[in-house]
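Presented below is the structure to which this report refers.
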Amino acid sequence: MLCERCKKNVATVHLTEINKGEKTEKHLCEQCSREEGYTIKSHASLQELLSAFISAHTDVAELAGKSCSDCGLTYAEFRNEGRLGCPNDYEVFREALDPLLERVQGSLEHGGKCPSRVEESQRRQRDMMSLRRQLREAVEKEKYEEAARLRDLIKDKEGPDGIA
Amino acid sequence: MELRDLMSSQGEWLRGEGPHSGVVISTRIRLARNIAGYPFLRRMNAEQRQEIEGEVRQAVDDLALFKSACYLQLDRASAIDRQFLMERRLISRELAAAEGERAVAFDRDETASVMVNEEDHLRLQTMRSGLGLEEAWRQANEIDDRLESRLSFAFSSRLGYLTACPTNVGTGLRVSVMLHLPALVITRQIEKVFQAIARMRLAVRGLYGEGTQALGDFYQISNQQTLGKSEAEILETVNLTVPRIIEYEEKAREALARESELFLEDRLWRAVGILRHARQMSSEEALSLLSAVRMGVNMGRVRGIDVPTINRLFVCSQPGHLQMRHGEELSAEQRDRARAEYISDALRQANPN
């Protein structure tokens with residue numbers, strides 16, 4: 001939902017006013033709600049954090065002119081709307097998105113479910129990455145038996161060509 | 001099926017049963033998914049939106065996804081129907097208010113729904129009365145697996161399920177538990193609880209999601225982080241936090257009963273009195289009075305009314321439900337009158353004395 005006043009930013013403030021029994025609803029962005037004189041005591045939502053963060057990184061010159069060849073979204077549009085245009089944008093705007101994800105999500109690596117239809121290679125690659133990470137941790141914690149087991153497992157999975 | 005038929009059924013989250021249902025109204029699991037090969041919603045044209053809608057509809061049909069499926073094209077539905085679905089939480093307020101080709105498929109028992117062309121192509125959600133994270137997750141995961149056998153979702157091995165907003169990327173999972181916390185509000189401890197929740201990196205929202213006010217002392221607690229953790233870890237964070245909030249609320253209720261019994265009793269019975277005898281009532285007033293009565297019933301201090309009845313009143317006294325019952329649009333003034341009548345009738349029926 002866009003702000004009904006500026007029609008540019010995402011509406012994050014939703015107000016219900018009751019005046020002589022007539023109810024009116026207002027949907028505004030942070031800035032417009034301030035300009036209209038509403039002071040809201042709120043708990044910073046992820047959306048607000050996101051807007052604040054994106055605004056703070058707008059001076060990155062080379063990003064400003066970038067756009068996605070798949071969907072045509074420009075960085076400026078993303079900055080204003082806070083929404084991406086297509087899956088490819090995660091790669092196109094990676095240098096802006098990675099710090100953002102780091103900040104709001106605290107991570108840059110998926111740790112959950114994978115669709116079973118993702119190509120075997122992608123799944124395999126993730127498995128191998130996870131095994132290698134476990135191996136590194138085992139060595140760090142001096143759990144050598146576990147490390148040896150993991151090393152053999154990785155060797156097995158890599159196959160004779162050493163290609164994961 | 002007609003939407004009106006749902007008026008007579010209770011719906012899953014209104015049952016008022018399930019673990020900790022004195023404080024926990026319901027549990028909701030939501031997964032955000034997009035179909036590979038299409039742009040996200042904002043960049044789609046009408047034709048592409050129709051294609052997505054068609055693909056999902058076909059998949060829901062072919063897979064017999066729901067025991068008793070209802071499929072509704074929302075761009076052809078009336079404003080009252082959309083409001084009605086939103087009040088029942090089968091669709092989000094954003095989907096109700098949006099424009100263009102969009103739809104919802106849901107199971108008649110109201111445990112699950114799939115929103116089509118919301119902020120993401122698919123938003124599937126499952127609901128349980130009371131605290132039921134595991135069960136809700138199992139069902140959501142199964143629906144996701146089955147849909148995925150037909151549809152190919154946008155996914156990257158680095159970032160997981162790709163979503164229109166970076167705040168959902170990864171698992172696309174939002175776990176929300178709706179809590180009823182009147183005693184913490186009365187004893188002015190709610191801010192303290194919010195701060196504790198924020199420290200767990202969980203978010204607090206009002207009754208109908210992001211940006212809505214906390215009407216009737218209802219608060220939704222949900223995870224913020226969707227990337228980097230597994231679904232089980234996300235569920236665990238919520239599962240660890242909620243029992244502590246329940247405990248705070250129960251302690252606050254005990255303290256009220258112990259230290260301010262007269263104040264408490266007065267507040268509860270005043271609420272019952274107004275609900276039974278008022279002639280016009282706004283939905284805000286109704287929510288706030290029903291909240292007091294619900295607490296009174298759960299504390300064993302108000303008898304003769306059960307929680308399912310109160311839960312039903314909460315939802316059925318909202319504008320969409322009132323207008324659906326009357327079969328026509330009502331002005332705000334007419335609604336206030338219809339609401340007072342409806343609530344007072346229901347309470348008299350529940351307890352004629």
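Just so we're on the same page: letters track the sequence lines, and every chain starts at 1.
Rounding to the nearest 0.5 angstrom, the gap separating the CD atom in A:Glu102 from the CG atom in B:Leu227 is 9.5 Å. Considering CD of B:Glu148 and SG of A:Cys114, their distance stands at 10.0 Å, rounded to 0.5 Å. Taking CG from B:Asp120 and CZ from A:Arg83, the interatomic distance works out to 9.0 Å, rounded to the nearest 0.5 Å. Rounded to the nearest 0.5 Å, atoms OH (B:Tyr38) and SG (A:Cys86) are 14.5 Å apart. Between the CG atom in B:Leu173 and the NZ atom in A:Lys113 there is a gap of 10.5 Å [rounded to 0.5 Å].
In summary, B:Arg43 and A:Asp89 do not engage in a salt bridge, as defined by a charged side-chain N under 4.0 Å from a carboxylate O. Looking at B:Arg158 and A:Glu109, no side-chain N of the basic residue comes within less than 4.0 Å of a carboxylate O on the acidic one, giving no salt bridge.
Options B:Thr163, B:Ile234, B:Asn34 differ in how many heavy-atom pairs under 4.5 Å they form with chain A, and the most are formed by B:Thr163. Most heavy-atom pairs under 4.5 Å with chain B, from the set A:Leu97, A:Asn88, A:Asp70, A:Leu73: that is A:Leu73.
Between B:Pro166 and A:Phe78 the shortest heavy-atom distance is CG-CZ, 4.0 Å.
Neither the backbone nor the side chain of B:Asn223 comes within less than 4.5 Å of any heavy atom of chain A. For B:Ala97, the part lying near chain A is the side chain, with the backbone staying farther off; criterion is any non-hydrogen pair under 4.5 Å.
In this structure, A:Pro115 and B:Tyr161 have side chains that are in contact, with non-hydrogen atoms separated by less than 4.5 Å.
Side-chain N or O atoms of B:Gln224 include none that pairs as donor or acceptor with a backbone N or O of A:Gln105 at under 3.5 Å. Looking only at distances, no side-chain donor or acceptor of B:Glu233 sits under 3.5 Å from a matching main-chain atom of A:Gly111.
Partner A:His110 forms a side-chain contact (heavy atoms from CB on, under 4.5 Å) with one of B:Thr171, B:Leu159, B:Val169, B:Leu162 and no other, that one being B:Thr171.
Within 6.0 Å of CD on B:Gln189 lie more than 12 heavy atoms contributed by other residues, nucleotides or ligands. For CZ of A:Arg5, the number of neighbouring non-hydrogen atoms (other residues, nucleotides, ligands) closer than 6.0 Å is greater than 12.
Between the side chains of B:Gln225 and A:Ser107, no donor-acceptor pair of N or O atoms lies under 3.5 Å.
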